[in-house]
Number of protein chains: 2
Amino acid sequence: MALPAGWKREEIVRQSGLSAGKTDVYYVTPEGKKVRSKPQLARILGESFDLTAFDFRTGRTVYSACRKSKRQKGTSYDFARGVRHDASLVLPIRQTASIFKQPVTVKRNGPESKPRAELRHGVQDQPKQVFWEKRLQGLRACDSSEEVIPTMDLPRQMQGMGPDLSTENILQSISAALHVNTGPVVGQGAGKHAIMKNPGINMDTQQPHVHQVVVSNDDIHRQEQKVQIARRKLQDLMSSLEK
Amino acid sequence: MALPAGWKREEIVRQSGLSAGKTDVYYVTPEGKKVRSKPQLARILGESFDLTAFDFRTGRTVYSACRKSKRQKGTSYDFARGVRHDASLVLPIRQTASIFKQPVTVKRNGPESKPRAELRHGVQDQPKQVFWEKRLQGLRACDSSEEVIPTMDLPRQMQGMGPDLSTENILQSISAALHVNTGPVVGQGAGKHAIMKNPGINMDTQQPHVHQVVVSNDDIHRQEQKVQIARRKLQDLMSSLEK
DNA sequence: CGGAGTGTTAAA
DNA sequence: TTTAACACTCCG
């Protein structure tokens, strides 16, 4: 159960009437008040709780990208259906200062006209919000049963670079960089002081919001040993099962 | 008020609490007993009262054929929508003795086969329940505000023919005959004694459940005079309004 | 007057 | 057609 302490969830089956057999779900607050719908719950908890991912009926936190479907008439589930274009998952471009994604050149029919952007900069990178990864906040990975996969902790030497960064923010900026970058992901090169003074200038928007991490030979050796141990454990288990 | 004599209706407004401002309605029987709900009322009145159309809160008898709708977004109400197929309004065929609506002939591929019903009876009338109009009992006409239109009285010489016929039954059987019959509506020709002895045989199912009424010249004259008087009254009223 | 239990309805 | 959300009834 993912319910906060003191809360209770109840299921009541309707016994009679036109709606007999249906179940009503409600929650009981620590004070004993019954809560009978999600909007009511939101009203009680206030603005600071995000119930977007909370499924009132099941009482679980659910991150579903696809809609639930009750058809499934023999045919296997069509994953292409019902997938929403979620703005949070689109790599965002800069939202201020210009409505154009690229520098603009008036196109003429004369022979010597070429777009200036191409002339001046070679292949143009799309502009980026400096901290666009903040938009990923609140999104979680989940398995096929929609159970949220727990998040990771960061190693000590991994230090966030930028204002107001939680572990979640940092992990997400690393994941995003690994997913998006074509080159190596190495973290921020500039000093912490410079970045905190003016992130808009000194942040490297191609790199995640962590300071460059120096990986020593010792680090590599320790990690190798961890993997060795894990492998041995698995091997032992497998062979004990065979007997 | 459509309350039976001696009954009283009261409204109490709640003064405090979460439900302040709401009203509770109850009725007081001639004996002084308070009745607080429709089920309780039904228990007191017994089986012989049909409270389906009684609205406990308002104290009025309401026959709503269409559902109340709260939309009405600018567009005028679509009367074709929400009209239910009410079994009571369908002309019923005989419900017992046979599941077939028409006599049955096994169809063969040989050349000389013809359905026997056609051979024997010419165009077949659909069988009818003898007193199917009884199904109309309890249905009332109402105006657009769902106020029931009061029923009529019968002239003296109009006599019901059949067992246990109320004025309502008779009026409805006449209306139904006027609505359905292609020929003249004249009433039952058989004697009362014969019909009461065996309605299943002696009733004319094409005709309403009243004895044939002889309309004399006097009757016609009287009716003409009534119409004259009514017209004159209307004329007087109109001309007095013009001044 | 409260509240459990059902009805009702707009929206999915 | 189903259902989330809420309105309402009925009885303690």
Side-chain angles (χ1 to χ4, degrees), chain A residues 7-45 49-62 64-73 77-78 81-86 146, chain B residues 9-29 33-45 49 51-75 77-78 81-85 146:
Chain A
W7 286 71
K8 236 171 74 182
R9 177 174 173 279
E10 303 207 6
E11 257 176 57
I12 303 290
V13 178
R14 295 193 176 194
Q15 300 296 338
S16 63
L18 295 173
S19 53
K22 309 244 161 169
T23 60
D24 292 293
V25 173
Y26 64 84
Y27 297 81
V28 187
T29 71
E31 295 79 36
K33 186 174 166 58
K34 285 189 181 171
V35 183
R36 313 214 295 167
S37 74
K38 198 170 170 182
Q40 193 187 356
L41 185 61
R43 264 174 258 130
I44 288 171
L45 293 177
F49 285 82
D50 180 17
L51 295 178
T52 313
F54 180 72
D55 184 83
F56 189 87
R57 178 155 273 280
T58 63
R60 283 152 175 277
T61 302
V62 155
S64 357
C66 347
R67 308 231 131 193
K68 283 155 201 161
S69 168
K70 279 188 178 173
R71 315 173 239 119
Q72 295 187 333
K73 291 171 184 169
Y77 185 74
D78 180 1
R81 281 190 147 232
V83 172
R84 288 252 178 120
H85 181 80
D86 186 335
E146 300 188 338
Chain B
R9 178 174 172 277
E10 303 207 5
E11 259 177 55
I12 303 291
V13 180
R14 297 194 176 190
Q15 300 298 336
S16 63
L18 293 172
S19 55
K22 307 247 161 169
T23 60
D24 291 299
V25 173
Y26 64 86
Y27 297 80
V28 186
T29 70
K33 185 174 166 58
K34 283 185 186 176
V35 184
R36 308 205 299 153
S37 72
K38 200 168 168 181
Q40 193 187 355
L41 185 61
R43 262 175 260 129
I44 288 170
L45 293 178
F49 285 83
L51 294 179
T52 313
F54 180 72
D55 185 83
F56 189 87
R57 176 155 278 278
T58 63
R60 284 152 174 277
T61 303
V62 158
Y63 294 89
S64 354
C66 353
R67 304 232 138 194
K68 283 156 201 160
S69 169
K70 281 186 181 171
R71 321 176 235 118
Q72 295 188 332
K73 293 172 186 171
T75 60
Y77 187 74
D78 180 2
R81 284 190 145 230
V83 172
R84 290 252 178 118
H85 181 80
E146 298 188 340

- [ ] Using side-chain hydrogen bond (donor to acceptor under 3.5 Å, both in side chains) as the criterion, list what pairs up with B/Tyr27, not counting sequence neighbours.
- [x] none
- [ ] Would you mind telling me which of D/dC11, D/dA4, C/dA4 lies closest to the side-chain atoms of A/Lys34?
- [x] C/dA4
- [ ] Please report, rounded to the nearest Å, how far the P atom of C/dG3 is from the CD atom of A/Gln40.
- [x] 12 Å
Task: Rounded distance (Å) that lies between atom C1' of D/dC11 and atom CG of B/Asp24 - done: 11 Å
TODO: May I have the distance from A/Tyr27 (atom OH) to D/dA5 (atom P), rounded to whole angstrom?
DONE: 11 Å
Open item on the list: Would you say B/Ser37 places a side-chain N or O within less than 4.0 Å of OP1 or OP2 belonging to D/dT9?
Closed with: no
- [ ] Check whether any side-chain nitrogen or oxygen of A/Arg57 sits under 4.0 Å from OP1 or OP2 of D/dT3, and answer yes or no.
- [x] no
- [ ] State whether B/Arg36 and B/Asp24 are salt-bridged, where the test is any N-O pair (Lys NZ or Arg NE/NH1/NH2 against Asp/Glu carboxylate O) under 4.0 Å.
- [x] no
TODO: Rounded off to whole Å, could you give me the CG-to-P distance for the B/Asp55 and C/dG7 pair?
DONE: 16 Å
- [ ] Indicate the atoms forming the closest heavy-atom contact of A/Val25 with A/Glu11, along with that distance.
- [x] CG2-CG, 3.8 Å
- [ ] Please report, rounded to the nearest Å, how far the P atom of C/dA4 is from the NZ atom of A/Lys33.
- [x] 10 Å
Open item on the list: Tell me the interatomic distance from A/Tyr26, atom OH, to D/dA5, atom P, rounded to whole angstroms.
Closed with: 17 Å
Open item on the list: Tell me which residues in residues 11-22 of chain A lie within less than 4.0 Å of DNA chain C, going by non-hydrogen atoms.
Closed with: A/Arg14, A/Gln15, A/Ser16, A/Gly17, A/Leu18, A/Ser19
TODO: Would you sort out whether A/Trp7 and A/Val28 count as a side-chain contact (heavy atoms from CB on, under 4.5 Å), showing the intermediate values?
DONE: CA-CA 6 Å; A/Trp7 286 71; A/Val28 187; over 6 Å; no
Open item on the list: A side-chain contact here means heavy atoms from C-beta on lying under 4.5 Å apart; do B/Leu45 and B/Leu51 qualify?
Closed with: yes
Open item on the list: Is the shortest side-chain heavy-atom distance between B/Lys34 and B/Gln40 below 4.5 Å?
Closed with: no
TODO: Measure from CZ on B/Phe54 to P on D/dT9 and round the result to the nearest Å.
DONE: 13 Å
Task: Residue list, side-chain hydrogen bond (donor to acceptor under 3.5 Å, both in side chains) with B/Ser37, at least two apart or on another chain - done: none
Open item on the list: From the set C/dT6, D/dC10, D/dA4, return the single nucleotide nearest to any side-chain atom of A/Arg36.
Closed with: C/dT6
